[in-house]
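Below: one structure, written as structure tokens.
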Amino acid sequence: MTTHAPDDDAARERLRRWRMVLGGPSEQALGKAEGRDGAMDAALAALYDADGEDGDRRGAKRSAGLGGSAPKVARWLGDIREYFPSTVVQVMQADAIERLDLTRLLLEPEMLAAVEPDVHLVGTLLSLNRVMPDQTKDAARHVVRKVVDELEKRVAQQTRAAVNGALNRAARINRPRHADIDWDKTIRANLKHYQAEHRTVIPERLVGYGRRTTAVQRDVVLCVDQSGSMAASVVFSGVFAAVLASMRSLRTSLVVFDTSVVDLTEQLNDPVEVLFGTQLGGGTDINRAIAYSQQLITRPRDSIFVLISDLYEGGVREQMLGRVAEMTAAGVQVVVLLALSDEGAPAYDHENAAALAALGVPAFACTPDAFPDLMAAAIERRDLKAFAERLADRASGISAAPAG
């Protein structure tokens, strides 16, 4: 029986990986990709070497291309789902839509049945909403529903726990029951009563958590830019708005805008309907959107206003900044997010971001996993600048962490 040294196996695996990366041009030096590797190589070729001549779908040379053939694209989508993990499939689908202009094929129901649903695909479908034929809309809603359900499972429990905890901590009382005493806050409030001879603090004032109530404790207004670059943020915002709206302790409103403003609050019981009520693309009038949102705020000191936008203002900039200043002066907790997505901050207007920071309103990107903690910080009126800095430090630490 022939055995192979571990080093030989590792070397062969390295050559195999380089062959898959370099494709057909490396065949003479690294050999022909066969079997499953050949099929994977052809799937990669169809997307990333699409300028070549059409060839055998399962051949070794990357020269297949997808062209405009719906059947060929459907087969290719099936292939990549078979040969690659879902995270890779989602990247390849997004690349195919961008590189090969496959957007129009997504208007065909059979194509939608073949794709791997993800947030970016939902964003693309929402951008096509107004031109989508009726026979495609049911398939599109099925795709969107699947993604929304998965996102709700990901964020709902954490969001409710974080928000409820923050509301309970924010509703402090000075005559709490023993079980409700916040000892950390109580000690801090009574440090001046420290008795050195007894080495203890004599608390003259107790600070405690308020009892849970069914009354509305905070008003939340989510104001979301639906310009094309904000697609992922729109999807996540719709899901979070629906989760927040399900909490009786909050009164949640959802406003989306481009150059016009649409109030989707009445649809928050169904996030899929919310998303199909958006219209991705178009210009941006942040000032108009904030003006509308101001009308929804009737209890400034109990209100949180969350603006999600890349801050490229097509309206009146001075009025926009003035409205933010008015809200903060009235006691509204204003939060500005450049993005609510997993991708980090997109291109954004740095001048407007700096102007908002000068008003005490930092603008920063937030991942969906961090959004519940952000809402908790806003409810408790913690320093959002410090929160944003911790978020940035955490993100840079993750990106700098070595693999393995």
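Numbers here are sequence positions counted from 1.
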So which atom in [X] and which in [Y] form the shortest heavy-atom distance, rounded to 0.1 Å?
| X | Y | answer |
| --- | --- | --- |
| Val256 | Gln226 | CG2-OE1, 3.8 Å |
| Leu391 | Cys366 | CD2-CA, 4.0 Å |
| Asp285 | Gly315 | OD1-CA, 3.5 Å |
| Pro109 | Thr136 | CD-OG1, 3.6 Å |
| Leu307 | Ile290 | CD2-CD1, 4.4 Å |
| Ala140 | Leu112 | N-CD1, 3.5 Å |

Heavy-atom side-chain proximity of [X] to [Y] below 4.5 angstrom:
| X | Y | answer |
| --- | --- | --- |
| Asp342 | Pro368 | yes |
| Leu356 | Leu321 | yes |
| Arg218 | Val163 | no |
| His120 | Thr124 | no |
| Phe276 | Asn129 | yes |

Problem set entry | side chain to side chain contact (heavy atoms under 4.5 Å, CB included) involving Ala289 - partner list, sequence neighbours excluded |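 Expected list: Cys223, Phe257, Val261.
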Exercise. Run the side-chain contact (heavy atoms from CB on, under 4.5 Å) check on Ile304 and Met375 step by step: do they pass?
Worked result: CA-CA 9 Å; Ile304 300 168; Met375 288 302 299; 4.3 Å; yes
Among side-chain atoms of [X] and [Y], is any donor-acceptor pair under 3.5 angstrom?
| X | Y | value |
| --- | --- | --- |
| Ser246 | Arg160 | yes |
| Asp95 | Tyr48 | yes |
| Asp369 | Thr367 | no |
| Ser260 | Asp258 | yes |

Find the distance between [atom1] ([X]) and [atom2] ([Y]) and round it off to the nearest 0.5 Å.
| X | Y | atom1 | atom2 | result |
| --- | --- | --- | --- | --- |
| His350 | Leu311 | NE2 | CG | 10.0 Å |
| Leu337 | Leu374 | CG | CG | 5.5 Å |
| Glu313 | Asn287 | CD | CG | 6.0 Å |
| Ile379 | Leu250 | CD1 | CG | 6.0 Å |
| Gln319 | Ile286 | CD | CD1 | 13.0 Å |
| Arg248 | Arg251 | CZ | CZ | 14.0 Å |

Problem set entry | SB check Arg188 Asp184 (cutoff 4.0 Å) |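 Here Arg188 pairs with Asp184 in a salt bridge, since their nearest N and O are under 4.0 Å apart.
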Exercise. Would you call Asp270-Arg145 a salt bridge at under 4.0 Å N-O?
Worked result: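 Salt bridge: yes.
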Residue [X] excluded, over 12 heavy atoms near [atom1] under 6.0 Å:
| X | atom1 | result |
| --- | --- | --- |
| Glu266 | CD | no |
| Arg323 | CZ | yes |
| Glu150 | CD | yes |

For this session: Report the residues that fulfil side-chain hydrogen bond (donor to acceptor under 3.5 Å, both in side chains) with Glu326, sequence neighbours left out, ordered by chain and then residue number.
Result: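 If we apply the side-chain hydrogen bond (donor to acceptor under 3.5 Å, both in side chains) test to Glu326, skipping adjacent residues, the hits are Gln294.
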Exercise. Can you tell which of Val220, Asp219, Val221 makes a side-chain contact (heavy atoms from CB on, under 4.5 Å) with Leu296?
Worked result: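 By the side-chain contact (heavy atoms from CB on, under 4.5 Å) criterion, Leu296 pairs with just one of Val220, Asp219, Val221: Val221.
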Exercise. Picking from Val332, Asp263, Val255, what satisfies side-chain contact (heavy atoms from CB on, under 4.5 Å) with Ser293?
Worked result: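 Single side-chain contact (heavy atoms from CB on, under 4.5 Å) partner of Ser293 among Val332, Asp263, Val255: Val255.
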With distance as the sole test, does [X] use its side chain to make a donor-acceptor pair with the main-chain N or O of [Y] at under 3.5 Å?
| X | Y | answer |
| --- | --- | --- |
| Thr278 | Val274 | no |
| Tyr312 | Tyr348 | yes |
| Thr265 | Leu254 | yes |

Problem set entry | side-chain contact (heavy atoms from CB on, under 4.5 Å) between Leu151 and Arg154, intermediate numbers included | CA-CA 5 Å; Leu151 292 180; Arg154 171 181 169 183; 4.3 Å; yes
For this session: Would you sort out whether Ser341 and Val119 count as a side-chain contact (heavy atoms from CB on, under 4.5 Å), showing the intermediate values?
Result: CA-CA 9 Å; Ser341 70; Val119 169; over 6 Å; no
Review item, side-chain donor-acceptor pairs of residues 230-241, under 3.5 Å, at least two apart:
from	atom 1	to	atom 2	distance (Å)
Ser233	OG	Leu340	N	2.9
Ser237	OG	Ser233	O	2.6

For this session: Establish, for the pair Arg382 and Phe387, whether the NZ or CZ atom is under 6.0 angstrom from the six-membered ring centre and no further than 45 degrees off its axis.
Result: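 Cation-pi check for Arg382 and Phe387: fails.
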